[in-house]
Amino acid sequence: MARYAPAEIEPKWQAAWDEAGAFAATADPARPKYYVLEMFPYPSGRIHIGHVRNYTMGDVVARYKRAQGFNVLHPMGWDAFGMPAENAAMASGGHPKDWTYGNIADMRGQMKPLGLSIDWSREFATCDPEYYGQQQALFLDFLEKGLVYRKAAVVNWDPVDMTVLANEQVIDGKGWRSGAAVERRELVQWFFRISDYSEELLEALETLDDWPAKVKTMQANWIGKSRGLQFSFSLVDGIEGHDRVEVYTTRPDTLLGASFVAVSPDHPLARSLERHDDGIAAFNAECRRMGTSEEELETAEKKGHDTGLRVRHPFDTSWELPVWIANFILMDYGTGAIFGCPAHDQRDLDFARKYDLPVISTFAPLEDDGQPLAEDGGPAFVPPKSERVIYIRGFAGETEQTGEEAVEAAIRFCEENGVGRGVTKYRLRDWGLSRQRYWGCPIPVVHCDDCGVVPEKKENLPVLLPYDEDGTPIDFSVPGNPLDRHPSWAHTDCPACGKRARRETDTMDTFVDSSWYYARFTAPHAETPTDPEEAAYWMNVDQYIGGIEHAILHLLYSRFFARAMHICGHLPEKSKEPFEALFTQGMVTHAIYQTRDAEGRPVYHFPEEVETRDGTTVLKETGAPVEIVASAKMSKSKKNVVDPVSIIAAFGADTVRWFVLSDSPPERDVEWTASGAEAAHKHLARVHRIVAEIAGLPDEAGQPEEDEALLREMHKTIHDVTQGVESFGFNAAIARLYAFTATLSKSAAGGGAKRQAAAALAQLMSPMTPHLSEELWALLGREGLVIDAPWPEADETMLVEDTVTLPVQVNGKRRAEITVPRDLGKEDVEKAALATDAVAKALEGAAPRKVIVVPGRIVNVVV
RNA sequence: GCCCAAGUGGCGGAAUGGUAGACGCAGGGGAUUCAAAAUCCCCCGGCUUCGGCCGUGCGAGUUCGAGUCUCGCCUUGGGCACCA
């Protein structure tokens with residue numbers, strides 16, 4: 001009998017699928033469509049096991065839906081612009097384009113052997129001029145509709161390398177290459193008006209029924225809708241251009257506990273003051289040496305500087321509050337200025353204690369919990385807004401209210417007294433898309449001395465990145481934007497007046513590229529961004545799958561982009577939400593193997609350099625003992641990466657697919673272990689052996705009860721596996737298939753029933769192990785390809801048993817078990833339970849107070 | 001710091017509020033074999049006076065019943081707007 005030989009059968013069946021053109025998707029309005037998409041990869045050079053897991057999950061869904069009769073679209077492409085290509089060019093010469101396309105070729109070569117049911121004819125990379133040219137067309141449409149604008153914004157500036165740094169490139173406030181202290185610098189940049197859609201993007205989350213709740217919560221918090229009071233304090237002694245300070249607060253109920261006003265170092269008032277006050281200038285300069293990330297601002301030590309200015313409290317003009325500049329106030333949120341109420345905000349309290357500012361409580365707990373109030377040295381009292389508290393200094397005198405009621409009452413009171421107005425604000429900021437880098441999509445506008453900013457004409461698209469025009473190769477050896485210093489590229493004619501003018505040298509954020517690729521897959525070679533007919537048929541993405549790390553930015557940007565594309569006529573109304581269902585998967589982790597060098601620094605080793613001898617882990621080469629450090633996300637620098645290519649070579653693609661699905665729930669991180677892969681391979685070989693044996697049996701009936709038992713088990717397995725695949729419970733579905741394989745191998749049923757069960761097994765496994773399933777299908781003498789066989793359906797009547805075994809608890813502890821007819825009445829179940837010796841013994845003669853019978857589930861006797 | 005998750009045997013994990021540990025790995029024992037590989041079978045949370053008792057990160061709570069729900073912690077992971 002032939003042994004399981006994946007190296008032979010996998011290429012054979014892949015060729016068969018190719019020959020049948022099985023995965024090429026063609027729109028067919030007569031058939032229901034299903035669009036499966038995995039977040040496309042960045043072409044870093046090698047696929048790793050995390051990619052394999054992502055694409056295998058998508059492939060299971062795609063193959064399952066195909067078996068259910070859907071016209072499936074399952075494409076693949078490359079998120080190909082971005083910094084690593086430029087960094088590679090800087091580090092080792094060459095051109096980002098060559099590096100990127102080389103990587104794509106390598107990775108495609110590594111992915112093909114996995115046997116994914118991908119329509120490769122739709123493949124594209126975002127760095128293809130055909131793609132980014134259409135992206136430029138989209139940009140021009142957005143510009144026309146007023147969805148893009150320019151404004152000044154701060155960036156990280158490396159004063160030595162004279163270049164803009166990404167947050168990732170700022171390490172401890174210093175440039176990663178130069179080591180120079182990073183400065184904040186203002187540049188005029190392009191922005192998408194995503195904040196205009198805050199309310200819509202927030203409200204529409206409720207319609208996303210098949211998105212994980214956690215992702216919707218994260219997006220809602222990110223959008224950050226808040227209700228508050230906006231008003232201004234008047235300065236006791238105004239300065240040039242400033243006689244008031246406008247503030248926004250979500251806690252106007254604490255206004256009578258205000259103790260100071262604080263503004264951002266980037267606030268116009270702070271900027272005015274620094275011109276004439278060296279102390280303020282020095283403080284602001286220090287603040288600006290911090291990075292631009294919110295994380296850095298929020299975790300930095302809270303510092304302030306007293307401006308010496310005073311403001312009047314709006315409800316008591318004799319009450320004066322100091323104005324401080326504080327490093328933790330964000331200019332981007334609210335008005336860039338706040339009032340501090342230390343009694344009810346821990347950060348304000350820390351600030352007040354540090355700078356000896358007053359602490360005044362406005363409310364207190366209903367019942368004394370023994371905790372002193374903040375003004376008596378206790379912590380800030382910050383109850384949930386829904387909690388009732390007693391107001392000491394409220395707008396309605398001493399009353400009991402929830403925070404929510406008090407906030408609304410405060411807003412009403414302030415509005416009635418002409419102090420500000422109630423407003424709704426969002427934390428979401430507009431999306432800055434300008435990048436001062438080469439390897440991105442050029443922004444298709446021209447700067448003309450006479451006409452200003454002029455959009456490029458659509459017929460001149462794409463605005464191509466220069467490669468080596470005039471024999472001038474792009475120079476990446478010096479930092480900065482090569483487009484900026486290119487001798488000729490930026491020189492062009494103004495599309496409006498024809499005068500000599502200069503191209504925009506900024507390129508687009510790579511998030512732009514990934515915000516519409518899903519739409520482009522529906523017509524990857526259309527001469528407009530989308531083809532309306534194709535988009536109408538294929539959109540939306542029915543199942544989107546990717547890493548949880550994209551829960552906010554990528555998905556929010558894509559949701560905005562789809563709306564913008566709809567406004568410009570590139571997507572239908574229904575595609576304002578482009579992803580019907582979302583699944584977020586966990587990462588693949590691996591233990592880190594390390595030894596120490598002479599100085600005690602860790603030296604990392606690849607898993608294949610390590611082996612276990614007599615229970616200790618050692619280096620293969622030297623036998624030196626190896627430390628095993630806790631499992632972590634696979635990364636090249638820690639060498640804890642496993643190359644799927646070598647495992648496919650050793651065990652076959654089906655083994656890799658089976659293992660990545662079986663070992664862990666898909667939403668959770670998975671630890672890769674070689675022994676697991678080996679075990680998966682053994683199991684597939686076992687299935688092959690069992691089915692091959694069954695294939696040789698005569699097609700005849702066996703003992704009726706044996707046949708029925710096997711077929712019952714088959715139908716239960718069909719039911720459970722279908723449920724598992726539907727709900728992304730791949731690991732549970734596979735556990736069920738293990739159990740069914742064991743049942744099948746032990747069954748004494750006749751050849752007919754066994755062949756039927758074996759065929760069902762092959763089908764149920766086919767989304768996970770498509771090659772093996774084709775082989776088994778053929779072995780069993782079935783017609784055609786298993787991918788063309790309709791998904792099996794469970795016979796409901798075969799799922800229910802006549803009797804049911806119930807655990808019997810006494811006071812919640814399991815004491816006995818009874819087997820009763822499935823539809824036995826509650827009273828009879830109760831009698832049967834009480835009749836058991838174990839229950840009688842546990843009761844010790846006491847009479848049961850209550851007996852709870854959950855039909856088909858459990859009996860609990862309460863004493 | 002803020003937002004969102006996760007935490008169950010030696011390990012990966014299973015469990016619509018209803019028998020905790022399915023299934024798999026590792027380990028132990030056995031069968032087969034001249035021997036091995038391969039394969040097959042059995043055992044496998046801890047304690048136990050063998051009656052049971054204790055066990056799902058920690059501490060409270062709700063419930064007839066909590067891994068699951070609520071509150072408060074701890075730890076780990078993801079995100080924090082120029083990493084992709």
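A quick note: this is a predicted structure, and the numbers were derived from the prediction, not measured. Chain letters run A, B, ... following the sequence lines, proteins first and then strands; every chain starts at 1.
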Show your working on ring pair (Phe, Tyr, Trp, His ring centres under 6.0 Å) between A:Tyr738 and A:Phe740 and close with a plain yes or no.
CA-CA 5 Å; A:Tyr738 268 106; A:Phe740 184 53; over 10 Å; no

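- Side-chain contact of A:Thr292 with A:Asn167: a donor-acceptor pair under 3.5 Å is present, judged by distance alone.
- For the pair A:Glu693 CD and B:rC40 C1', the interatomic distance rounds to 12 Å; values are reported in whole Å.
- When heavy atoms are screened at a 4.0 angstrom cut-off, A:Glu667 is found touching no nucleic acid atom at all.
- The interatomic distance linking A:Leu165 (CG) with B:rC83 (P) rounds to 11 Å, in whole Å.
- A:Val188 is not listed as a side-chain neighbour of A:Lys151, based on a closest heavy-atom distance of 4.5 Å or more.
- Looking at heavy-atom distances under 4.0 Å, A:Glu301 makes no contact with the nucleic acid at all.
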Yes or no on ring pair (Phe, Tyr, Trp, His ring centres under 6.0 Å) for A:Phe40 and A:Tyr518, after CA distance, side-chain angles and deciding distance?
CA-CA 9 Å; A:Phe40 65 166; A:Tyr518 51 86; 9.6 Å; no

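- Contact annotation: side chain of A:Arg857 to base of B:rU16, donor-acceptor pair present below 3.5 Å.
- Residue contacts for A:Leu428: at a heavy-atom cut-off of 4.0 Å it reaches a base atom on one of the strands shown.
- When the side-chain nitrogen and oxygen atoms of A:Ser662 are compared with OP1 and OP2 of B:rG24, none of them lie within a distance under 4.0 Å.
- Atom CH2 of A:Trp658 and atom P of B:rC25 are 12 Å apart (whole Å).
- A distance-only check finds a donor-acceptor pair linking the side chain of A:Arg559 to the backbone of A:Leu201 [under 3.5 Å].
- A:Arg435 has a side-chain polar atom (N or O) that falls below the 4.0 Å cut-off from OP1 or OP2 of B:rC82.
- Closest to the A:Asn167 side chain, of the nucleotides B:rG13, B:rA84, B:rC83, is B:rC83.
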Pair A:Tyr544, A:Phe583 - check ring pair (Phe, Tyr, Trp, His ring centres under 6.0 Å), show working.
CA-CA 6 Å; A:Tyr544 196 33; A:Phe583 186 85; over 10 Å; no

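- By the 4.0 Å N-to-carboxylate-O rule, A:Asp158 lies too far from A:Lys174 to be salt-bridged with it.
- A straight line from NE2 of A:His683 to C1' of B:rG24 spans 10 Å, rounded to a whole angstrom.
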Evaluate A:Gln436 against A:Asp506 for side-chain hydrogen bond (donor to acceptor under 3.5 Å, both in side chains), listing each step before the verdict.
CA-CA 5 Å; A:Gln436 295 70 40; A:Asp506 282 358; 3.2 Å; yes

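- If you take CG on A:Asp430 and CG on A:Leu433, they are separated by 10.5 Å, rounding to the nearest 0.5 Å.
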For RNA chain B, please output the secondary structure as dot-bracket, reading 5' to 3'. Pairs are Watson-Crick or G-U wobble, both atom distances under 3.5 Å; mark crossing pairs with [ ], other-strand partners with |, unpaired with a dot.
(((((((..(((.....[....))).(((((.......))))).(((....)))..(((((..]....))))))))))))....

Kindly give the atom pairs (protein nitrogen or oxygen, nucleotide nitrogen or oxygen) under 3.5 Å for nucleotides 26-30 of chain B.
none

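- A distance of 11.5 Å separates CZ of A:Arg53 from NE2 of A:His48, quoted to the nearest 0.5 Å.
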Salt bridge (charged side-chain N to carboxylate O under 4.0 Å, His left out) between A:Glu301 and A:Lys354, worked out
CA-CA 11 Å; A:Glu301 190 197 344; A:Lys354 182 167 181 173; 2.7 Å; yes

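- For the pair A:Glu549 CD and B:rA5 P, the interatomic distance rounds to 17 Å; values are reported in whole Å.
- Distance CD (A:Glu830) to C1' (B:rG18): 17 Å, rounded to an integer number of Å.
- Base contact: A:Ser434 has a heavy atom under 4.0 Å from a base atom.
- Under 4.0 Å is where a charged nitrogen must lie from a carboxylate oxygen, and between A:Lys302 and A:Asp350 no such pair does.
- A donor N or O paired with an acceptor N or O is found under 3.5 Å between the base of B:rC82 and the side-chain atoms of A:Gln436.
- Across all strands, A:Val859 comes closer than 4.0 Å to no nucleic acid atom at all (heavy-atom distances).
- Contact annotation: A:Ser293 does not reach the phosphate of B:rC80 (side-chain N/O to OP1 or OP2, under 4.0 Å).
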Distances under 3.5 Å between nitrogen or oxygen atoms of protein and nucleotides 1-4 of chain B:
| residue | atom | partner | partner atom | Å |
| --- | --- | --- | --- | --- |
| B:rC3 | O3' | A:Asn221 | ND2 | 2.7 |
| B:rC3 | O2' | A:Asn221 | ND2 | 2.8 |

Between the protein and nucleotides 61-72 of chain B, which nitrogen or oxygen pairs are less than 3.5 angstrom apart?
| residue | atom | partner | partner atom | Å |
| --- | --- | --- | --- | --- |
| B:rC64 | O2' | A:Asn860 | ND2 | 3.3 |
| B:rC64 | O2 | A:Asn860 | ND2 | 2.5 |

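- At least one donor-acceptor pair under 3.5 Å links the side chain of A:Arg427 to the backbone N or O of A:Trp222.
- Using a 4.0 Å heavy-atom distance criterion, A:His550 is classed as a base contact.
- Contact between the side-chain N/O atoms of A:Arg689 and the OP1/OP2 oxygens of B:rA38 is not found at any separation under 4.0 Å.
- One donor-acceptor pair, N or O on each side, does fall under 3.5 Å between the base of B:rC82 and the side chain of A:Arg437.
- Looking at residues two or more places apart in sequence or on another chain, you find a ring-ring contact (aromatic ring centres under 6.0 Å, His included) between A:Tyr557 and A:Trp431, A:Phe511.
- Between A:Asn731 and the phosphate of B:rA14, there is a side-chain N or O to OP1/OP2 separation shorter than 4.0 Å.
- Contact check, A:Lys813 against B:rC54: a side-chain N or O comes under 4.0 Å of OP1 or OP2.
- Contact annotation for A:Arg815: backbone-only contact, meaning every heavy-atom pair under 4.0 Å involves sugar-phosphate atoms and none involves a base.
- Regarding A:Lys746, its NZ atom lies at a distance of 16 Å from the P atom of B:rU39, rounded to whole Å.
- Not a single donor-acceptor pair, N or O on each side, falls under 3.5 Å between the base of B:rC80 and the side chain of A:Glu296.
- Remark: A:Arg668 is in phosphate contact with B:rG7, judged by side-chain N or O atoms under 4.0 Å from OP1 or OP2.
- Contact check for A:Phe328 versus A:Leu297: no side-chain heavy atoms found under the 4.5 Å cut-off.
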Extract from the structure each pairing of a protein N or O with an N or O of nucleotides 46-50 of chain B at less than 3.5 Å, listing the distance.
none

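- A straight line from CG of A:Asp506 to P of B:rC82 spans 13 Å, rounded to a whole angstrom.
- Look at the P atom in both B:rC23 and B:rC44: the space between them is 12 Å, to the nearest Å.
- Across all strands shown, A:Pro41 has no heavy atoms under 4.0 Å from either base or sugar-phosphate atoms.
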Run the ring pair (Phe, Tyr, Trp, His ring centres under 6.0 Å) check on A:His681 and A:Phe659 step by step: do they pass?
CA-CA 8 Å; A:His681 183 254; A:Phe659 177 65; over 10 Å; no

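- Geometrically, A:Arg184 does not engage A:Trp157 in a cation-pi contact defined by less than 6.0 Å to the ring centre and at most 45° from the axis.
- Listed candidates were B:rC23, B:rG78, B:rC82. Nearest to the side chain of A:Ile548 is B:rG78.
- A:Phe328 comes within 4.0 angstrom of nothing in the nucleic acid, heavy atoms only.
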